[in-house]
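FYI, side chains are in, hydrogens and waters are out, and symmetry mates aren't considered; it's all heavy atoms of this structure.
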Number of protein chains: 2
Amino acid sequence: MKLQEAKQQFIQSWGVLGNQWGINRTMAQVHALLLISEAPLSTDDVMEQLNISRGNANLNIRELMDWGLVEKMIVPGDRKEYFVADKDIWQVATRIMAQRKKRELDPMLKVLNQLQEVEGDKKDPAIKSFTETIGNIRKFAGHAEKTIDTIIKAEENWFLNSFIKFFK
Amino acid sequence: MKLQEAKQQFIQSWGVLGNQWGINRTMAQVHALLLISEAPLSTDDVMEQLNISRGNANLNIRELMDWGLVEKMIVPGDRKEYFVADKDIWQVATRIMAQRKKRELDPMLKVLNQLQEVEGDKKDPAIKSFTETIGNIRKFAGHAEKTIDTIIKAEENWFLNSFIKFFK
DNA sequence: CTAATTTTTCAATAAATTTTGAAATTTCAG
DNA sequence: CTGAAATTTCAAAATTTATTGAAAAATTAG
């Protein structure tokens, strides 16, 4: 497989994967493109390489910046803005986990907490059954949240460790 | 909040969450409905409670069975099929993780492995840079896969433990 | 400041996904 | 077997989501 072909393949696959996980396909593709670009890219570069419109490129680049996965770069003597993706894959994973936790898990936990306080006789089997199920889910979600934090902390050095091993 | 209202709220929120994670909203809602139903439900029950068509209900129930989250139940003396969701939230999470790993992570890993074998001079900076980035992602994905398995094993008793504590 | 260049916005359009519902198929009690 | 009841299929329709592109706004070199 030639390099250009391989790059296209990667962009394609990263897009499919992102899409399956509820992330806009184009956003994932822009991310992939920046991940495998050695030099920073301008909006025009992204438009050209992915065959997308200016509006679309702009939208997704800004979205990636919101996620903390891409940064703006100013090239002195150039009017255009350039963009680079964080190449540290551990940082990438951590940022994505943190964002999704904040945007999706936390709101769900909030709802689950509210649902615990359902009105009525606590001994009514229907109510008991409902609060028990919700309680279990809530407890699990809370646990999962802590586990994620633990993983993030515990594995923080994984990347570093793989370098240490390399030099041993 | 009344029980009925709380149930609706849960179904709604579970649907939104599923949708954000790339799971069909209705599938998540059917799952939610079955999770908080004490008794097994028929296709007609699901249709009625969620206001969806027969075809849609049938499709999503079968999809949930494919995921191993819902089981068919035969009620003797009744021609209809009934369905129940696995209420063990740990089982639910494990099944979802396992399915997604198999359906999405594994294919991505396969692609990444192929991309490592790009043609050309290994000393060419462009090729070196690409294979390095891909290599890091591949290594990370492999690590993540193992971590997931480890968590599943290590946390297997979390649910059991929360019962043990309860009886202490 | 001015004007050229770049970025952002957003209504219209296109694409992708989901849903419907009726017909075809399957199942099973009698 | 038979036929009523239930399940499955699938093309068409509806809905949701993503994309375009041109106009408006913002930026900056001179």
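Annotation: the span from Ile127(A) atom CD1 to Lys2(B) atom NZ amounts to 9.5 Å, rounded to 0.5 Å. Annotation: the span from Lys146(A) atom NZ to Asp149(A) atom CG amounts to 10.0 Å, rounded to 0.5 Å.
Atom CD of Gln99(B) has more than 12 heavy atoms from other residues, nucleotides or ligands within 6.0 Å. Heavy-atom neighbours of Glu38(B) CD from other residues, nucleotides or ligands within 6.0 Å: above the threshold of 12.
Linking ILVMFWY side-chain heavy atoms closer than 4.5 Å, directly or via other members, places Met27(A) and Trp21(A) in a single hydrophobic cluster. No single ILVMFWY cluster, assembled from side-chain heavy atoms under 4.5 Å apart, contains both Ile74(B) and Met65(B).
The stretch residues 43-58 of chain B touches DNA chain C through Asn51(B), Ile52(B), Ser53(B), Gly55(B), Asn56(B), each having a heavy atom within less than 4.0 Å of the strand.
The side chain of Asn24(B) contributes an N or O atom lying less than 4.0 Å from OP1 or OP2 of dT19(C).
When rounded to the nearest whole Å, the span between CG of Asp66(A) and P of dT8(C) equals 11 Å. At whole-Å resolution of the value, CZ in Phe83(A) and P in dT6(C) are 13 Å apart. To the nearest angstrom, C1' of dT20(C) lies 13 Å from CG of Asn60(B). Protein atom CG of Asp78(A) is 17 Å distant from nucleotide atom P of dT27(D), rounded to whole Å. As a whole-Å value, the separation of Glu81(B) CD from dT27(C) C1' is 9 Å. Distance NZ (Lys80(A)) to C1' (dA4(C)): 14 Å, rounded to an integer number of Å. Between Lys72(B) atom NZ and dA6(D) atom P the separation is 14 Å, expressed in whole Å. Atom pair Leu59(A):CG and dG21(D):C1' shows a separation of 14 Å (rounding to whole Å applied).
A rotation axis mapping the C1' atoms of four pairs onto the next four is fitted at both ends of the helix from dC1(C)-dG30(D) to dG30(C)-dC1(D) over five pairs, and the angle between these axes is 30° to 10 degrees.
The aromatic rings of Phe130(B) and Phe10(A) stand perpendicular to each other, their planes meeting at an angle above 60°, with 30° marking the opposite boundary.
Side-chain to base pairing of Arg79(A) with dT27(D): one donor and one acceptor N or O lie within less than 3.5 Å of each other.
For the residue pair Ser42(B) / Asp45(B), a side-chain donor-acceptor distance below 3.5 Å is found, with atom types taken as modelled.
The residue among Gly77(A) and Arg25(A) whose nearest nucleotide of DNA chain D lies closer to the 5′ end is Arg25(A).
Across all strands shown, Asn19(B) has heavy atoms under 4.0 Å from sugar-phosphate atoms exclusively, and none from any base.
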message: Walk me through whether Thr43(A) and Lys80(A) qualify under side-chain contact (heavy atoms from CB on, under 4.5 Å).
response: CA-CA 8 Å; Thr43(A) 301; Lys80(A) 274 191 193 131; over 6 Å; no
